[in-house]
Number of protein chains: 2
Amino acid sequence: MPKRHLTDPVDLLREHGMQVTVQRLAVLRAVSQRPHLTADDIEKMVRTEIGTVSRQAVYDTLAVLTANGLIRRIQPAHSPARFEDRVDDNHHHVVCRQCGRVADVDCAVGSAPCLEPAHRHGFVIDEAEVMYWGLCPDCQIAR
Amino acid sequence: MPKRHLTDPVDLLREHGMQVTVQRLAVLRAVSQRPHLTADDIEKMVRTEIGTVSRQAVYDTLAVLTANGLIRRIQPAHSPARFEDRVDDNHHHVVCRQCGRVADVDCAVGSAPCLEPAHRHGFVIDEAEVMYWGLCPDCQIAR
DNA sequence: TCGTGTTATTGACACAGTCCAGAATTGGAA
DNA sequence: TTCCAATTCTGGACTGTGTCAATAACACGA
């Protein structure tokens, strides 16, 4: 009896007590294959793959996957939310001001960059999010 | 002839070639008095102060003030845009996950924190934005 | 005070995302 | 295998921010 790899999407869902459905697997596959897609892009990909899916199902699925930590939601300003399956590591993002493209970056400062603000104003801080802004290679050429 | 202080709102607008209007002065005053307000809050404050103002005028004014660098627009996820008049210094923000309250923080790492990502993927980066997430004092108590 | 270019008003519209209620599907018990 | 309760999906209406376009009003220099 072959031992299944832990990151098998089916096992992943089961481990979190979630039912296994075609839609969920398709959403997981889409997010995994092409990180930083928008909900709309994911909806299109899933529909292409399994024929039909409602927008609501996509949003619900993304929400429940996010809540269970299987995927991560990032929301740059002036852009719809984007999703990625790279979780459990402390990485950040660089966003193109022109086309909205997103890429992963690791911060050079360390594994927990800037987690210590000078004054925390009584806030209990649980996350530091770093967003780099600039122009992607394509948009530099287009100038 | 007394020399006017440079940060006089009227002079500020003139310096940037912008006409001086009651609405603009009221918007500047609102943003200055209570930083991190939303456009909606600002609209209410301005309306209270000068009687009547259209939503569009508020948005236009905020846009033109932002474009000229008189105010700064910050846009936390799951929250409408907020505005502040503290510009020209490299500070960041801490946002309450519960109520959306925003406070200024200076990063302890240095004046230009995390500006050097490990891999920039060909992007030309012009800004690094740091957002801290947590709970504000009031919302800690409410738990 | 007048003329011109800028700014404000009004109302329609766009977009991302959410809510709701009923229908369908699923996992697990028998 | 069949059935039940819980979960999930569907379709449509709806919200909240924000933008566009056309017209009216205003600010400011001459």
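Values below: all heavy atoms of this structure, side chains included; hydrogens, waters and symmetry mates excluded. Because the structure is predicted, anything quoted here is derived from the model rather than measured. Chain letters run A, B, ... following the sequence lines, proteins first, then strands; residues in each count from 1.
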Please test B:M45 against B:I42 for side-chain contact (heavy atoms from CB on, under 4.5 Å), starting from the C-alpha separation and ending with a verdict. CA-CA 5 Å; B:M45 275 189 76; B:I42 293 168; 5.6 Å; no
Length of the NE2-C1' vector between A:H78 and C:dC15, whole Å: 14 Å
With heavy atoms of chain A within less than 4.0 Å as the criterion, where does contact along DNA chain D begin and end? D:dT7 to D:dA13
What residues 44-71 of chain A contributes to the DNA chain C interface at heavy-atom separation below 4.0 Å is A:R55, A:Q56, A:Y59
Pairs under 3.5 angstrom only: tabulate donor-acceptor contacts from the side chains of residues 93-100 of chain B to other protein residues two or more places apart or in another chain.
unit_1	atom_1	unit_2	atom_2	d
B:H93	NE2	B:E84	OE1	3.0
B:H93	NE2	B:E84	OE2	3.1
B:H93	NE2	B:H91	NE2	3.3
B:H93	NE2	B:D104	OD1	3.2
B:R97	NE	A:D126	OD1	3.3
B:R97	NE	A:D126	OD2	3.2
B:R97	NH2	A:D126	OD1	2.6
B:R97	NH2	A:E127	OE1	2.8
B:Q98	OE1	B:R143	NH2	2.6

Heteroatom pairs (N/O) under 3.5 angstrom, protein to nucleotides 23-27 of chain C:
unit_1	atom_1	unit_2	atom_2	d
C:dT26	O4'	A:Q19	OE1	3.4

Once side chain to side chain donor-acceptor pair (under 3.5 Å) is applied, what residue pairs with a partner in residues 18-27 of chain A remain, sequence neighbours excluded? none
Can you pull the salt bridge (charged side-chain N to carboxylate O under 4.0 Å, His left out) pairs that have at least one residue in residues 52-64 of chain B, sequence neighbours excluded? none
Could you give the distance from CD1 (B:I74) to CZ (B:R86), rounded to the nearest 0.5 Å? 11.0 Å
Listed once per pair and sorted, the ring pair (Phe, Tyr, Trp, His ring centres under 6.0 Å) pairs that draw on residues 44-84 of chain A, sequence neighbours left out: none
Could you tell me the separation between the CD1 atom of A:I50 and the CG atom of A:L25, rounded to the nearest 0.5 Å? 9.0 Å
Pairing residues for A:V124 by the side-chain contact (heavy atoms from CB on, under 4.5 Å) criterion, not counting sequence neighbours: B:Q140
Between B:V64 and B:M18, is there a side-chain heavy-atom distance shorter than 4.5 Å? yes
Between the two end axes of the helix from C:dT1-D:dA30 to C:dA30-D:dT1, each built from 5 base pairs, what angle do you get to the nearest 10°? 20°
Could you note down all residue pairs passing salt bridge (charged side-chain N to carboxylate O under 4.0 Å, His left out) where residues 35-47 of chain A supplies at least one of them, sequence neighbours left out? A:D40-A:K44, A:E43-A:R47
Any donor-acceptor N/O pair, B:D8 side chain to B:V10 backbone, under 3.5 Å: yes
side-chain contact (heavy atoms from CB on, under 4.5 Å) involving A:A77 - partner list, sequence neighbours excluded: A:W133, B:Q75
What side-chain donor-acceptor pairs closer than 3.5 Å can you find for residues 26-34 of chain A, not counting sequence neighbours?
unit_1	atom_1	unit_2	atom_2	d
A:R29	NE	A:E49	OE2	2.7
A:R29	NH2	A:E49	OE2	2.8
A:S32	OG	A:D85	OD2	3.3

Describe the nucleic acid contact of A:R82 in one word from base, sugar-phosphate, nothing, applying a heavy-atom distance below 4.0 Å. nothing
